[in-house]
Amino acid sequence: MKASYWEIAQSGAVRCALCPHACLIPPGGHGRCRVRVNRGGVLELPFHGRLSSIAVDPIEKKPLYHFHPGKNILSVGFVGCSFRCPFCQNHRISQDTGVPTREVSTGELVAMAEQEGSFGIAYTYSEPLVHLEYVLEACRLARARGLKNVLVSNGFVNPQPAEELLGLLDAANIDLKSFNPEFYRQEIGGELEQVKRFLTQARGRIELEVTTLVIPGRNDGPEEMEAIAAFLAALDPAIPLHLSAYHPQYRYTLPPTPAATVRRLAEVARRYLRYVYLGNLGAQESNTVCRECAAVLVRRRGYQVSMPGLHDGRCAQCGTPAPIVGV
Ligand code: SF4
């Protein structure tokens with residue numbers, strides 16, 4: 001299948017315009033994401049519709065805490081990624097296109113979601129944005145059937161394709177991996193400013209949540225957390241921030257992030273943001289409380305979820321509107 005968002009360059013090369021890498025791809029070559037290929041001067045998608053992973057997950061696993069809590073969602077992954085994170089938890093599918101995949105048309109995918117009783121589809125696990133054509137097609141079909149569309153992504157995409165996608169999304173969790181441009185550039189092969197731009201573009205249009213993986217010695221300074229939280233608060237102080245503890249993965253052998261570090265950074269972030277959650281620290285409680293009266297609205301322990309303090313979308317105790325969609 002032919003890709004969208006590219007143009008012919010010189011000497012048989014093509015220039016991809018989907019993400020800010022703007023890869024110049026020679027004949028027979030592929031872009032940095034490995035899934036967009038120049039075949040005879042045309043940008044082709046040899047992995048279109050090829051899924052590496054299909055599962056039904058709790059929405060809390062994405063993680064999304066303020067969107068349809070307690071529900072399961074059909075979740076699908078592809079292969080390839082526009083980043084090269086040396087600590088990637090899904091490197092087997094994000095950094096290797098040779099893994100087994102299964103061809104699933106967008107119609108089959110939507111039918112699968114309905115058969116599973118899922119309230120929507122989550123595009124996740126590897127980087128969905130480098131498969132934008134498939135995701136857009138699936139989103140359109142899913143929305144026409146009354147299903148929700150959820151993106152879990154690095155947020156690295158150009159404004160025009162982002163605009164096309166945002167019109168079809170209901171919720172997203174975007175990684176903000178650091179607030180250090182050098183870390184983005186040298187360690188993971190991305191650009192901080194572009195991710196900030198996407199978050200700015202998405203703010204207020206979908207249920208937007210953000211995840212930062214806290215890595216010892218890389219992004220665990222209080223000043224950096226303060227900068228992340230202040231940036232998000234300027235977009236909207238009600239954006240939930242998930243601080244996730246790093247564990248050794250892929251090329252990183254640093255020891256796991258101590259729970260105390262994540263808790264300390266959460267306190268820093270809470271000076272700016274109303275909802276800061278801890279992740280990857282075992283089945284501890286991670287609750288949403290009413291910002292007016294501190295009643296527990298949603299109680300979570302691992303993926304067990306209850307909503308003791310919600311009534312008609314409001315705090316049952318004081319009546320303040322709850323920041324939760326889909327209850
Ligand atoms: S989507 Fe892939 S091919 Fe296109 S610019 Fe980004 S990394 Fe390069």
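In each ligand, atom 1 is the first atom listed, and ligand 1 is the first ligand listed.
The residue Ala17 has no part lying near ligand 1, judged by heavy-atom distances below 4.0 Å.
Linking ILVMFWY residues whenever their side-chain heavy atoms come closer than 4.5 Å, directly or via other members, leaves Leu176 and Val150 in distinct clusters. Leu235 and Phe67 fall into different hydrophobic clusters, where Ile, Leu, Val, Met, Phe, Trp and Tyr side chains are chained together by heavy-atom contacts under 4.5 Å.
Of all protein heavy atoms, the one closest to atom 8 (Fe) of ligand 1 is Cys23 SG, 2.3 Å. Among protein heavy atoms, the minimum distance from atom 6 (Fe) of ligand 1 is reached at Cys19 SG, 2.3 Å. Counting protein heavy atoms only, atom 1 (S) of ligand 1 is closest to Arg36 CD, 3.5 Å.
Shown here is Gln304, whose CD atom has no more than 12 heavy atoms of other residues, nucleotides or ligands within 6.0 Å.
When each atom of ligand 1 is checked for a heavy atom of Gly31 under 4.0 Å away, the hits are 3 (S).
Summarising the contacts of atom 2 (Fe) of ligand 1 with Cys33, Ala22, Cys16, the nearest heavy atom is found in Cys33.
Two rings, from Phe47 and Tyr134, have their centers 6.0 Å or more apart. Phe156 has its ring centre less than 6.0 Å from the ring centre of His21. Checked against the 6.0 Å centroid threshold, His66 and Tyr277 count as a close aromatic pair.
The distance from atom 2 (Fe) of ligand 1 to the nearest N/O/S atom of His30 is not under 2.8 Å.
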